[in-house]
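First listed ligand is number 1; within each ligand, the first listed atom is number 1.
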Amino acid sequence: MYSFRSATYTSLSPKLFEFVSPPNLSNPSLLLFNSSLAKSLGIDPHSCTVDSLLGSHSCEKSFAQAYAGHQFGHFTMLGDGRAIILGEHSLPSGECVDIQLKGSGRTKFSRGGDGLATASSMLREYVYSVVMRALGIPTSQSLAVILTNQTVLREQPYSGGILVRVMNSHIRFGTFEFVSNYCSLDEFRAFTDYVIDRHYSFLSSSSEKYLLFFQEVMKKCISTVVEWLRVGFVHGVMNTDNMSIVGLTFDYGPCSFMNRYHSHKTFSQIDQLKRYSFSRQRDMLKWNLSVLGETLLPLFGSDDRIAQQLLVQELSSFDELFSTAFFTMMKNKLGSKDISPVLIEEFLLFLETYQLDYTSTFIELMDPGTFDDPIFSSQEFVKWRNCFSSFHQDSSLMRKYNPYKILRNHLLEEALFEFEESGSLKKINELLAVLSSPYQKDDFLNKYYFHPPEDFDELYQTHCNT
Ligand code: AMP
Ligand code: MG
């Protein structure tokens, strides 16, 4: 079913991975399957059985990747503790993607963990990746969720699940930290050349390829994080091991969409210091890039001082690059390139002061009178709307940048609760269907448009993917 090439990753130093056999499950069953993704990968959806999705018919050796990372600022050795890459699947276009199983059992990187995942946490990841994709945001993709027929013990017993995750790379900033810390300089250079040849091949023959590579990663990540800010997404755990080297959003654990605008909103129960709050995602990206950049210093040049200077210079361009991308995005949301950054900042302050729902506010600017909420007919709001409309807003632009529907936390929780209680996927499938067209305006009495009941956000807490 998969069209695996001979894996290129395993030609690297054996310190970087461990061969692990695919799971051998007694009676697994398919919960969700993404047939449109299968087709886009050149896979015939009818050929996908549970066994074939789990790699049973593959002749390639699957493997777990080693990586390290800074978790909440602290360096730790990590690695795929509950995931394996089944292989590198070739698309008809010639491109290649990693097919990964998450929740597939212990590896040598599991530390104290059981290597497993609950089905509901894998369903959560599946839903998030589909929603982010539909919103047009770079993301890992999900081919299937499989029920393992195993019990996973957390604070109570849960059904086990495996996610079949697809990314053009599972290499993280933390993979660079691992190789830089635990391998020789030759191995580090070979690894970096591998990443450049595989994912940034247009740089391969440049004499300055390492510096240019860093710039490209920075640009890609900036544009992804700006996209998060466009839709109110809070990743929740931007540790360097969760930062993709190709700029994809991935590892959907304690993430959430913000409802009422709150620049320091975090939902993650473990993020007490709000390190990864909504608007700090910008600073945290810069911090993570500085960690990545430090690993690359020996490749920037043999003179340490000059290499350091080059990195400082690159990082000093971050703020301007980010601000330009951010304000361009906000101007598009507001429908006019003539709206100034100062006005945008004042408007965000207004949202914060009145705790307005981020998504609904922009819908009200596009389609006045949509919501029956007194705040949208208040003098203050009407003043802002009139102010923006004096800039000759382009409504077709606004419709491209402002989703009508985002994944509302309370609806996702309801859907997952229904699955945990009864095994039913009815609400999950309904969410997936509605959110596959986030820019389409449906019946406005539809519950998907509304923010949650009062104080839901205040009480809502997300957890690391269990
Ligand atoms: P995450 O929070 O998903 O980014 O995971 C951080 C690290 O913990 C990674 O090295 C994971 O592989 C590992 N990990 C998370 N959950 C488990 C588990 N149940 N068993 C083994 N390793 C795990
Ligand atoms: Mg992770």
Participant: May I ask you to check whether Ser36 and Asn34 show a side-chain donor-acceptor distance below 3.5 Å?
Facilitator: yes

Participant: Geometry only, no angles: is Asp80 polar-contacting ligand 1 at N/O separations under 3.5 Å?
Facilitator: no

Participant: Counting from 1, what ligand 1 atoms have a heavy atom of Leu116 closer than 4.0 Å?
Facilitator: 19 (N)

Participant: Between Arg111 and ligand 1, does any nitrogen or oxygen pair lie at a separation below 3.5 Å?
Facilitator: yes

Participant: Would you kindly check if the NZ (Lys) or CZ (Arg) of Lys333 is within the cone defined by 45 degrees around the ring axis of Tyr358 and under 6.0 Å from the six-membered ring centre?
Facilitator: yes

Participant: Have a look at Phe233 and tell me which of Phe278, Trp228, Tyr276, Phe267 forms a ring pair (Phe, Tyr, Trp, His ring centres under 6.0 Å) with it.
Facilitator: Trp228

Participant: Look at Asn242 and state whether any of its N, O or S atoms is less than 2.8 Å from the Mg ion (ligand 2).
Facilitator: yes

Participant: Side chain of Arg124, backbone of Gly253: donor and acceptor closer than 3.5 Å?
Facilitator: no

Participant: Below 3.5 Å, N or O to N or O, backbone or side chain included: is there any such pair between Gly81 and ligand 1?
Facilitator: yes

Participant: Within the 4.0 Å heavy-atom shell around Asn242, which atoms of ligand 1 are there?
Facilitator: 4 (O)

Participant: Return the orientation label for the Phe19 and Phe63 ring planes: parallel under 30°, perpendicular over 60°, tilted otherwise.
Facilitator: perpendicular

Participant: Please determine if Phe109 has a nitrogen or oxygen closer than 3.5 Å to a nitrogen or oxygen of ligand 1.
Facilitator: no

Participant: Taking only heavy atoms of Gly115 into account, list the atoms of ligand 1 that are under 4.0 Å away from them.
Facilitator: 18 (C), 19 (N), 20 (N), 21 (C)

Participant: I need the atoms of ligand 1 closer than 4.0 Å to a non-hydrogen atom of Gly113, numbered in the order shown.
Facilitator: 20 (N), 21 (C)

Participant: Of all the N, O or S atoms in Asp251, which has the shortest distance to the Mg ion (ligand 2)?
Facilitator: OD2

Participant: Check whether Glu18 reaches the backbone of Gln65 with its side chain - one donor and one acceptor, N or O, closer than 3.5 Å.
Facilitator: no

Participant: Should you measure from each heavy atom of Gly79, which atoms of ligand 1 turn up under 4.0 Å away?
Facilitator: 9 (C), 10 (O), 11 (C), 12 (O)

Participant: Got a donor-acceptor contact below 3.5 angstrom from the Tyr439 side chain to the Leu135 backbone?
Facilitator: yes

Participant: When the ring centroid of Phe176 is compared with that of Phe213, is the distance short of 6.0 Å?
Facilitator: yes

Participant: Backbone N or O of Gln100 within a donor-acceptor pair of the Asp98 side chain at under 3.5 Å?
Facilitator: no

Participant: Which bit of Arg154 gets closer than 4.0 Å to ligand 1, counting heavy atoms only: side chain, backbone, both or neither?
Facilitator: side chain

Participant: Check each of Ile270, Val152, Asp251 against atom 3 (O) of ligand 1 and report the one with the nearest heavy atom.
Facilitator: Asp251

